[in-house]
Amino acid sequence: MGKTVSVVGAGVAGLASAIRLQNEGYIVTLYEKESLPGGKMNQIKKDGFTFDVGPSIVMMPEIFKEVFEIAGRNPDDYIPMTRLDPMYSAYFENERIDVSSDLVKIIDQLEGISEEDASGFLAYLKDIYDRFLVAKKYFIERPFRHASDFYNPFMIHQALKLKTFDSANHSIAKFVKDKRLQQILSFQTLYIGISPNNGPSLYTIIPMIEYLYGIWFIKGGMHTMASSMEQLFLELGGKINYNSPVDEIVIEDKKATGIKVNGEKIISDYVMCNADFPYAMKNLIKDKKAKGKYTDKKIVSMKYSCSCFVMYLGLNKKYNEVEHVHNFIFSQDLDQNLEAIFEGNLLDNGSFYVYIASKMDKDLAPENKDGLYILLPVSDLATAKYKWTEETKNYYRNQILNKLKTIDGFETIEEDIISESYMTPVDFEQDFNAYNGATFGLRPTLRQSNHFRPQAKAKHTEKLYFTGSSTHPGAGVPIVLTSAKIATEELMKDDK
């Protein structure tokens, strides 16, 4: 009989870890406090509209597909994908730039702006691709069990190749001079909850990945990935207990021996924790020695990503004049906007993102109607100098709608709304145990990345492993899926 594994949380990394372990012959049981799989990759159904709750952009599709391929399945049977081109529209004051991943289209567009910037863009791709290969081989796809895994001459040499000490914004400015292009090539650090103004320049790999590998759409929206992973896990013989919040990870004699659910101890040979790492350390690990350096005081002092205010709007018509699924609306002063987010100030002119999934899949909205998902990056709860009240929600709602009404195709948005739902930082904290409501977990600063970041294998407890956005290698769906691969490989390494 195979060894048993209790997986805490059916988020993306929890599901992927469960699939990998079940496929290797372990007897895996998932425990999830909500009634649906996916964690933040969840779904809202209301008034005939269907919305993804959190992630919405599919990058690096081969990592999505790998979860199914390792089990001998055809990913197309589970997550049918379509490549988007243009990838998205970027809206500036009185101007729209459609961003393609077709190199011929890109160069033609850039030459229309500046031949110097077209040349600079190609130089940027060459520079960041070389750094990406180093990061992928030596940092992203491997664990750091011991300090010596990083602090050795070879690894220090590789780390220097990454040129991490520059900021994303400053690094991009070396290659392109047009301010709009700089913003198009740097804002993506917000995908992982850090400002391009001070996020390490290595994170400009994110737009490079978009340009070289494209942006994709999964039929049914991003939640299809979560529900399909659930389906595969069950097909492999795994078991899921929904509406089952875990109270504690039981640790005895420096070993994880199981979990407690509703006060009942459930014994297992291993525990894989997909709950947000800071939350887990503060709430699920009761044994003080097992916390190691991650004491309650340490958890409070760590730096957290930004959060999000998300609006889910059902509209009483099709928005045919808005051509693309993904749309980014930039404020006139993006730098000031970003500064306000990470200083905790109320935004007075925020940049935001509009996702219209029903353009790709008509089943996500009633006939002749569209659903809009609108995301505004905001401060996490510990940083914010204001409280989330109905007044705060209305303040941001009105700010966003007033801005949209000035953009072609969105002029009538306020009168078209027939359904509304919201997620605030408070909801991210309450619904998903995101510490401080930080949507993307721990902020990926230099001092909270690679070997500095919480690792898959617990430092002071045997048979306990962690996965998810606050663990190495970090946030973003492809990277979180990578964390699941690392964590399961660490567990199997110890088991052997």
(request) List the atom of Ser358, the atom of Gly371, and the distance in Å for their closest heavy-atom pair. (result) OG-N, 3.2 Å
(request) Output yes when a side-chain donor or acceptor of Arg443 lies under 3.5 Å from a complementary backbone atom of Lys303, and no otherwise. (result) no
(request) Quick one: list whatever passes side-chain hydrogen bond (donor to acceptor under 3.5 Å, both in side chains) with Lys318, sequence neighbours left out. (result) Asp370
(message) ring pair (Phe, Tyr, Trp, His ring centres under 6.0 Å), that's the test. Do Tyr304 and Tyr435 meet it? Break it down for me.
(response) CA-CA 8 Å; Tyr304 291 86; Tyr435 193 78; 5.1 Å; yes
(request) Please check if the distance between the ring centroids of Phe51 and Tyr373 is under 6.0 Å. (result) no
(request) May I ask you to decide if Leu347's main-chain N or O and Gln399's side chain share a donor-acceptor pair within less than 3.5 Å? (result) yes
(message) Pair Arg397, Glu414 - check salt bridge (charged side-chain N to carboxylate O under 4.0 Å, His left out), show working.
(response) CA-CA 10 Å; Arg397 176 190 186 276; Glu414 194 158 18; 3.6 Å; yes
(message) Would the distance check show the side chain of Ser483 and the main-chain N or O of Gly468 forming a donor-acceptor pair, the cut-off being under 3.5 Å?
(response) yes
(message) Using modelled atom types and a 3.5 Å cut-off, is there a donor and acceptor pairing between side-chain atoms of Gln455 and backbone atoms of Arg453?
(response) yes
(message) As a quick check of understanding, evaluate ring pair (Phe, Tyr, Trp, His ring centres under 6.0 Å) for His326 and Tyr355, giving each step before the final call.
(response) CA-CA 5 Å; His326 302 295; Tyr355 167 50; 5.3 Å; yes
(message) With a 6.0 Å cut-off (strictly less than), is the heavy-atom count around NZ of Lys282, excluding the residue itself, greater than 12?
(response) yes
(request) Begin from the C-alpha positions of Asp408 and Arg96 and carry the test salt bridge (charged side-chain N to carboxylate O under 4.0 Å, His left out) through to its verdict. (result) CA-CA 10 Å; Asp408 290 347; Arg96 186 186 96 188; over 6 Å; no
(message) Closer than 4.0 angstrom, basic N to acidic O: yes or no for Asp296 and Lys298?
(response) no
(message) Quick check: do Tyr353 and Ile374 have side-chain heavy atoms less than 4.5 Å from each other?
(response) no
(request) Taking atom CD of Glu93 as the centre, report whether more than 12 heavy atoms of other residues, nucleotides or ligands fall under 6.0 Å from it. (result) yes
(message) Ring centres under 6.0 Å, that's the criterion: do Tyr211 and Phe121 meet it?
(response) yes
(request) Show your working on ring pair (Phe, Tyr, Trp, His ring centres under 6.0 Å) between Tyr395 and Trp388 and close with a plain yes or no. (result) CA-CA 10 Å; Tyr395 170 81; Trp388 277 92; 9.6 Å; no
(request) Could you pull out the closest heavy-atom pair between Gly220 and Asp361, with the gap in Å? (result) N-OD2, 2.8 Å
(message) Counting only heavy atoms not in Tyr242 (residues, nucleotides, ligands), do more than 12 fall under 6.0 Å from its OH?
(response) yes
(message) Does anything in residues 214-234 form a ring-ring contact (aromatic ring centres under 6.0 Å, His included)? List the pairs, not counting sequence neighbours.
(response) none
(message) Tell me whether the NZ or CZ atom of Lys317 lies within the 45° cone about the ring axis of Tyr319 and under 6.0 Å from its centre.
(response) yes
(request) Take atom CD of Glu411 as the centre, draw a 6.0 Å sphere, and report whether it contains more than 12 heavy atoms from other residues, nucleotides or ligands. (result) yes
(message) Just so I know, are the side chains of Met222 and Phe64 near enough to count as touching, which here means a heavy-atom distance under 4.5 Å?
(response) yes
(message) For Leu162, is there any backbone N or O sitting under 3.5 Å from a side-chain donor or acceptor partner on Arg131?
(response) yes
(request) Write down the atom of Cys273, the atom of Leu284, and the distance for their closest heavy-atom approach. (result) SG-CD1, 4.4 Å
(message) Working note: Ser470 + Asp276, criterion side-chain hydrogen bond (donor to acceptor under 3.5 Å, both in side chains); need CA distance, chi angles, decisive distance, verdict.
(response) CA-CA 6 Å; Ser470 285; Asp276 189 34; 2.8 Å; yes
(request) Kindly say whether Phe139 contributes a backbone atom to a donor-acceptor pair with the side chain of His472 at under 3.5 angstrom? (result) yes
(message) I'd like to check Pro454 versus Phe466 (side-chain heavy atoms, cut-off strictly below 4.5 Å). Are they in contact?
(response) no
(request) Give a yes or no answer on whether the side chain of Glu32 reaches the backbone of Gly9 with a donor-acceptor pair at less than 3.5 Å. (result) no
(message) Suppose we screen for side-chain contact (heavy atoms from CB on, under 4.5 Å). Which residues come up paired with Ala173, at least two apart in sequence or across chains?
(response) Gln182
(message) My understanding is that only one of Ser469, Ser449, Pro473 makes a side-chain contact (heavy atoms from CB on, under 4.5 Å) with Pro444; could you say which?
(response) Ser449
(message) Whether Arg180 and Glu95 form a salt bridge (side-chain N of Lys/Arg under 4.0 Å from carboxylate O of Asp/Glu) is what I want to check.
(response) yes
(request) Taking the side chain as every heavy atom from C-beta outward, state whether Ile299 and Tyr279 have any pair of such atoms under 4.5 Å apart. (result) no
(request) Return yes if some donor-acceptor pair links the side-chain N/O of Asp117 with the main-chain N/O of Gly120 below 3.5 Å, else return no. (result) no
(request) State plainly whether the residues Lys260 and Asp247 are in salt-bridge range, i.e. N to O under 4.0 Å. (result) no
(message) For Asp166, is there an ion pair with Lys174 - N to carboxylate O distance below 4.0 angstrom?
(response) yes
(request) Hey, could you give me each pair passing salt bridge (charged side-chain N to carboxylate O under 4.0 Å, His left out) that has a residue in residues 33-58? Not counting sequence neighbours. (result) none
(message) Ring of Phe452, cation from Arg447 - is the NZ or CZ under 6.0 Å from the centre and inside 45° of the axis?
(response) yes
(request) Determine whether more than 12 heavy atoms belonging to other residues, nucleotides or ligands lie under 6.0 Å from atom CG of Asn394. (result) yes
(request) Hey, could you give me each pair passing salt bridge (charged side-chain N to carboxylate O under 4.0 Å, His left out) that has a residue in residues 328-343? Not counting sequence neighbours. (result) Lys179-Asp335
(message) Strictly distance-based, threshold 3.5 Å: is any side-chain N or O of Thr392 a donor or acceptor partner for the main-chain N or O of Lys387?
(response) yes
(message) Looking at Glu391, I want to see if its CD is surrounded by more than 12 non-hydrogen atoms of other residues, nucleotides or ligands under 6.0 Å.
(response) no
(message) Are the side chains of Val67 and Ile79 in contact, using a 4.5 Å heavy-atom criterion?
(response) no
(request) For Lys362, look at atom NZ and say whether over 12 heavy atoms of other residues, nucleotides or ligands are found less than 6.0 Å away. (result) no
(request) Sequence neighbours left out, what passes salt bridge (charged side-chain N to carboxylate O under 4.0 Å, His left out) with Asp348? Give chain and number order. (result) none
(message) Assess whether a salt bridge exists between Asp85 and Lys105, defined as any Lys/Arg side-chain N lying under 4.0 Å from an Asp/Glu carboxylate O.
(response) yes
(message) Salt bridge or not between Glu66 and Lys485? Use side-chain N to carboxylate O under 4.0 Å.
(response) yes
(message) Would you say that Thr189 contacts Ser195 through its side chain, given a criterion of any heavy-atom pair below 4.5 Å between the two side chains?
(response) no
(request) Using the ring-ring contact (aromatic ring centres under 6.0 Å, His included) rule, pick out the option among Phe187, Tyr91, Phe92 that qualifies with Phe328. (result) Phe187
(request) Determine, using ring centers only, whether Phe277 and Tyr294 are less than 6.0 Å apart. (result) yes
(message) Could you check whether Glu390 pairs with Lys393 (Lys NZ or Arg NE/NH1/NH2 to Asp/Glu carboxylate O, under 4.0 Å)?
(response) yes
(message) I'd like to check Phe440 versus Cys306 (side-chain heavy atoms, cut-off strictly below 4.5 Å). Are they in contact?
(response) yes
(message) With a 3.5 Å distance limit and no angle check, can you tell me whether Glu230 reaches the backbone of Leu15 through a side-chain donor-acceptor pair?
(response) no
(request) Return yes when atom NZ of Lys385 has more than 12 non-hydrogen atoms of other residues, nucleotides or ligands closer than 6.0 Å, and no otherwise. (result) yes
(message) Any non-hydrogen side-chain atom of Tyr124 less than 4.5 Å from a side-chain atom of Pro207?
(response) yes
